[in-house]
Amino acid sequence: MNTADLLTITSDDLAITRLGERTVDTPLSDLLGERQETWHYVTETDRVMLDVVQGIANKRDVDVAGLPAFNPGGPRRKLFFEPSEVTAAIVTCGGLCPGLNNVIRGLVLHLGRAYGVKRVLGFRNGFKGLTDGSEPMELTEQSVADIQNRGGTILGTSRGNQDPVVAVDSMVRLGVNILFVIGGDGTLRGASKLADEARARGERIAVVGIPKTIDNDIPWIDRSFGFHTAFAQAAQSIRAAHIEASSTENGVGLVKLMGRHSGFIACYSTLASHDVDFTLIPEVPFDVDVLMSRLKKKVEAQGHAVVVVAEGAGQEHFPASDQTDASGNAKLNDIGALLKKRIIDAFGDEPLSVRYVDPGYEIRSVPANAFDAVYCTRLAQAATHAGMAGFTSMVVGQWSGRMVHLPIALATASRNVVDPHGQLWMNVLETTGQPKQML
Ligand code: ATP
Ligand code: MG
């Protein structure tokens, strides 16, 4: 649909014909429970807005000025920087995620081809490369050729806190005008401090983030890059575990997937494979004894069962610990190993084959699929436009299908989690047939 169509279409055009009155009670209420009733059932007055762009409403004389709206991504007629004089730099931090190289390549190509930027630097090994005095790489069309076909990041990555004062010193010394930061919540908080430090010194350096989280837990964006590739790969692991489990007597496939705080990969790969009997995510607590008794019943009835568990699920079953990684993130206890042991205990002398699959690194390190590759390219283009326009302390992302700018403060203030009363979790419950509560 083009903009002209959006301006002329009416509610009548979108009205749906129906066969007659609806009189039969749905059986779904049994599955959903009381709380979900409020959320899931569509009422007569519910609508999905046709378009989220304020411009359309303005042209139709609808007053939307008071409604919250994002600053849109995309090219500006007027730039802040003179492109031919710009030195841009790129840094990747945190854990690996499919698509990092696609974003790097997208930035280098778009800066050079669309804006004629002559100098693009790549800091090595995360923020460490801004403070350890190492020389950055010169990124050119040649040096980024074919990197989209490789997983990981050609720039390297790291954890551990770095001094923003030293980092800004490096950028000033190298004449960096725009820093593109590709990383997760920790990285973006770091990026925000770099932008603050530069501003405090009166240095005109734009800091633009491209949020990276394989868990899809950045708020206010439709999805993060690499997520699509990750759950597609996770679905392959589920497929393997299901084949193993269903080929053995009392086979139990147990698959541990990523998801420290948010179970999106577990949910989406469950929906993609339709072979999972129990999906366990951090957002929905469960009792291990209840799970075991349900699992035994399932194996009795079906001959096998598949359990998918997100790494952050069931952390309440471990003693509290204050262990952290170099960046200060809490270390997770191994819920997969605990469940494997409890399954073996639960079956006792009965026949049992547990197939435990932990594909974390295999998923993180694959190259982006075509769908994510497109998204990475679009994010890189939006980030380039934002940087050239002089926007800073912000990230790019897609919201309701549109590229938008999001302040880093907002992107790091909360986390995108699976709503236990929301539609996605309901879809999972409908797919696995697991009870809505295992407590
Ligand atoms: P992921 O969680 O996906 O691994 P991340 O970006 O959150 O990605 P971290 O290891 O937490 O990964 O952080 C990456 C870098 O960001 C670290 O090297 C650290 O220097 C910096 N960083 C993390 N948290 C902060 C913070 N609160 N303030 C400043 N810098 C931070
Ligand atoms: Mg993080």
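Both ligands and their constituent atoms are indexed starting at 1 by order of listing. Note that the structure is predicted; figures quoted are calculated from it, not measured.
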Can you tell me which residue and heavy atom of the protein come closest to atom 1 (P) of ligand 1, and the distance to 0.1 Å? K212 NZ, 3.5 Å
Please determine if K296 forms a cation-pi arrangement with F347, meaning its NZ or CZ atom is less than 6.0 Å from the six-membered ring centre and no more than 45° off the ring axis. yes
Tell me, please, which residues at least two apart from D185 pass side chain to side chain donor-acceptor pair (under 3.5 Å). none
Who are the side chain to side chain donor-acceptor pair (under 3.5 Å) partners of E82, not counting sequence neighbours? S84
Test item: side-chain donor near acceptor, N369 and H228, under 3.5 Å: yes
Using a strict 4.0 Å cut-off to heavy atoms of Q162, name the atoms of ligand 1 that fall inside it. 20 (O)
What residues form a ring pair (Phe, Tyr, Trp, His ring centres under 6.0 Å) with Y268, not counting sequence neighbours? F227, F231
Under 4.0 Å between a Lys/Arg side-chain N and an Asp/Glu carboxylate O for D322 and K331? no
Between R260 and D217, is there a side-chain N and carboxylate O pair less than 4.0 Å apart? no
Mind checking whether K193 contacts ligand 1 via backbone (N, CA, C, O), side chain (CB onward), both or neither, at a 4.0 Å heavy-atom cut-off? side chain
For atom 22 (N) of ligand 1, what is the nearest protein heavy atom, given as residue, atom name and distance? G186 O, 3.1 Å
Which residue owns the protein heavy atom closest to atom 7 (O) of ligand 1, what's the atom, and how far is it? D185 OD1, 2.6 Å
Measure the distance from atom 20 (O) of ligand 1 to every protein heavy atom, then report the residue, atom name and distance (to 0.1 Å) of the closest one. G160 O, 2.6 Å
Give a yes/no verdict on a cation-pi contact between R294 and F278, requiring under 6.0 Å between NZ or CZ and the six-membered ring centre and an angle within 45° of the axis. no
Sidechain N-carboxylate O distance under 4.0 Å for E197, R201: yes
Within 4.0 Å of some non-hydrogen atom of G184, the atoms of ligand 1 are 5 (P), 6 (O), 7 (O), 8 (O)
Counting non-hydrogen protein atoms only, what is the nearest one to atom 14 (C) of ligand 1? Give residue, atom name and distance. T187 OG1, 3.3 Å
Between E135 and R173, is a salt bridge (Lys or Arg N to Asp or Glu O under 4.0 Å) present by the stated rule, with each step listed? CA-CA 11 Å; E135 279 309 301; R173 176 174 61 83; 3.7 Å; yes
Within a distance under 4.0 Å of any heavy atom of N329, pick out the atoms of ligand 1 and give their elements. 9 (P), 10 (O), 11 (O)
Going by distance only, is there an N or O of T213 that falls short of 3.5 Å from an N or O of ligand 1? no
Give the residue, atom name and distance (to 0.1 Å) of the protein heavy atom nearest atom 29 (C) of ligand 1. G190 CA, 3.4 Å
For residues S393 and S192, is any side-chain donor paired with an opposing acceptor at under 3.5 Å? no
For ligand 1, which atoms sit closer than 4.0 Å to a heavy atom of G94? 4 (O), 8 (O), 12 (O)
Run the salt-bridge test on D334 and K256 with the 4.0 Å N-O cut-off and return the result as yes or no. yes
At a cut-off of 2.8 Å, list the protein N/O/S atoms near the Mg ion (ligand 2), residue plus atom name. D185 OD1
What protein heavy atom sits nearest atom 12 (O) of ligand 1, and how far off is it? R159 NH1, 3.2 Å
F123 side, atom CZ; L130 side, atom CG - distance, nearest 0.5 Å: 4.0 Å
Using a 3.5 Å cut-off on N or O atoms only, is G95 in polar contact with ligand 1? yes
Atom indices of ligand 1 within 4.0 angstrom of S158 heavy atoms, with elements: 18 (O)
